[in-house]
Amino acid sequence: MKIVTYNINSVRIRLGQIKTIVEQLNPDIICLQETKVEDNLFPIGEIKSLGFEHIYISGQKSYNGVAILSKLPLFDVHSLDILQSDHKRHIGGRLANGVEIHNFYVPAGGDIPDRELNDKFDFKLRFYDEMSDWACEQKGKSLIMVGDFNVAPLPNDVWSHKQLLNIVSHTPIETDAMANLQKTLNWLDTARHFVPESEKLYSWWSYRNKDWEKSNRGRRLDHIWITPDLMPKLESFLIMRELRNSENPSDHVPVMVEIRD
DNA sequence: ATGGTGGAAGGTCCA
């Protein structure tokens, strides 16, 4: 079973990228973030025609929005409202084999890395605390948690550890919050299971760099974590870097893991 | 200290 996570930054203008993902990876499940569309305007028909019979959406106008596109049915699908914000930032459900999939879009947190000066940064940190509380309640389950977590945890998850230590997404208070979440169920960061921590690894490059590939100032913001019981089933991992060069790309690229059924 | 780009909405916010 192949699972992809992709911050698509508007599902309606990037159906072509979904088609490319299907052609090149043929995933069973695609988890999207930042769909940026209300549910009644979601392009259900187009995505069904790409082979995803089961589509689960939790969208809102203009901002946020998550979706799970699946060839397999999910059960007890639900959308958590973390911090009662009305932001659509989670959708999850359970596969027939009992494994649960949870798709999160963690708040970006604004520009100023100070929770006193910046409400969005405070919101992000509280969101992580809520996720940790939620994870503690899931003890004993087989879980796959994916999404845009908006934190690059390790020194080689950013282009310059030193230069990003005070930049939102890589500050110690954020990487600590993420580490706390990771400790809750001893989550495995699948990317670093396959790619050693000594290697640079990114899933996002800003739109604001003239030549993203030449400057290569990336960050690894998109993650696929699993509970340790699933570790023996891991088959492969891929970051679909080339999609950053597609026509009209998202600033994120898809991240994929393959797990034996 | 600032601006660089993009999406959606719609005379601006969020990333």
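In what follows, every chain begins at residue 1, and chains take the letters A, B, ... in the order their sequences are listed.
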Without decimals, in angstroms, what is the distance between [X] [atom1] and [N] [atom2]?
X        : N      : atom1 : atom2 : value
A/Ile13  : B/dG6  : CD1   : P     : 10 Å
A/Gln60  : B/dC14 : CD    : C1'   : 11 Å
A/Asn150 : B/dA15 : CG    : P     : 8 Å
A/Asn248 : B/dG6  : CG    : C1'   : 9 Å
A/Glu34  : B/dG6  : CD    : C1'   : 11 Å
A/His252 : B/dA15 : NE2   : P     : 11 Å
A/Gln33  : B/dA15 : CD    : P     : 14 Å
A/Gln17  : B/dG7  : CD    : P     : 10 Å

Look at the side chain of A/Arg208 and the base of B/dA15, then say whether one donor and one acceptor between them are separated by less than 3.5 Å.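 Pair found.
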Sub-6.0 Å ring centroid separation between A/His54 and A/Phe75: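 Here the rings of A/Phe75 and A/His54 have centres that are no less than 6.0 Å from each other.
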Tell me if the centroids of the rings in A/Trp225 and A/Phe149 come within less than 6.0 Å of each other.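 For A/Trp225 and A/Phe149, the ring centres are under 6.0 Å apart.
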Distance between [atom1] atoms of [N] and [M] (Å, rounded):
N      : M      : atom1 : answer
B/dA9  : B/dT5  : P     : 22 Å
B/dC14 : B/dG10 : P     : 13 Å
B/dA1  : B/dC13 : C1'   : 22 Å

Do we see a donor-acceptor contact under 3.5 Å between the side chains of A/Lys200 and A/Asn156?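 Their side chains do contain a donor-acceptor pair, which is all the 3.5 Å distance test asks for.
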Please step through salt bridge (Lys or Arg N to Asp or Glu O under 4.0 Å) for the pair A/Glu174 and A/Lys124, ending with a clear verdict. CA-CA 9 Å; A/Glu174 291 169 273; A/Lys124 180 180 194 173; 2.6 Å; yes
Are OP1 or OP2 of [N] and a side-chain N or O of [X] less than 4.0 angstrom apart?
X       : N      : answer
A/Arg89 : B/dA15 : yes
A/Arg14 : B/dG7  : yes
A/Lys61 : B/dA9  : no

So which one's nearest nucleotide on DNA chain B is more toward 5', A/Asp148 or A/Arg12?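 Of the two residues, A/Arg12 wins.
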Start at the 5' end of DNA chain B and walk down; is the nucleotide closest to A/Asp251 or to A/Asn209 reached first?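 Whichever sits nearer the 5' end wins; that is A/Asn209.
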Side chains of A/Leu165 and A/Ile167: closer than 4.5 Å at any heavy-atom pair?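 With C-beta onward as the side chain, the pair stays apart.
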Taking the side chain of A/Ser62 as heavy atoms from C-beta outward, which of B/dA15, B/dA9, B/dG6 is closest to it?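 Closest nucleotide to the A/Ser62 side chain: B/dA9.
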